[in-house]
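This report concerns only the one structure given below.
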Amino acid sequence: MKLVSATFVLLCLVIITSSFFEATMAGSSFCDSKCGERCANAGVKDRCLKYCGICCDKCQCVPSGTYGNKDECPCYRDLKNSKGKPKCP
């Protein structure tokens with residue numbers, strides 16, 4: 001009886017974990033494509049992609065174009081670093 005219960009609990013945990021993992025991956029592909037467009041002309045592309053990804057994960061929004069247009073996404077526009085400067089590229 002204990003073996004059946006343990007197997008059931010383990011199966012439930014696997015199902016819950018896999019569905020959470022798929023939901024997380026779905027959000028990151030959105031951010032990857034949007035940040036790829038946003039950082040296309042960046043001088044330091046890997047840094048741009050890193051910070052754009054952080055901002056996109058928090059805001060679920062990335063402004064169009066490679067520069068400016070931050071009014072399209074107020075959350076993205078308003079995120080600041082520890083020095084009070086804009087965090088998002």
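When a residue number appears, it is its place in the shown sequence, counting from 1.
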Qualifying residue, where the test is side chain to side chain contact (heavy atoms under 4.5 Å, CB included) with C52 and the options are P63, P89, C31 | P89
Give yes when the SG atoms of C56 and C61 are nearer than 2.5 Å, otherwise give no.
-> no
C75/C59 sulfur gamma separation below 2.5 Å | yes
Among pairs that include at least one residue of residues 68-83, which meet side chain to side chain donor-acceptor pair (under 3.5 Å), considering only residues two or more places apart or in two chains?
-> S64-E72, D71-R77
About how many Å separate OG1 of T66 and CD of E37, when rounded to the nearest 0.5 Å?
-> 10.5 Å
V62 and C35 have their tightest heavy-atom pair at CG2-SG, 4.2 Å
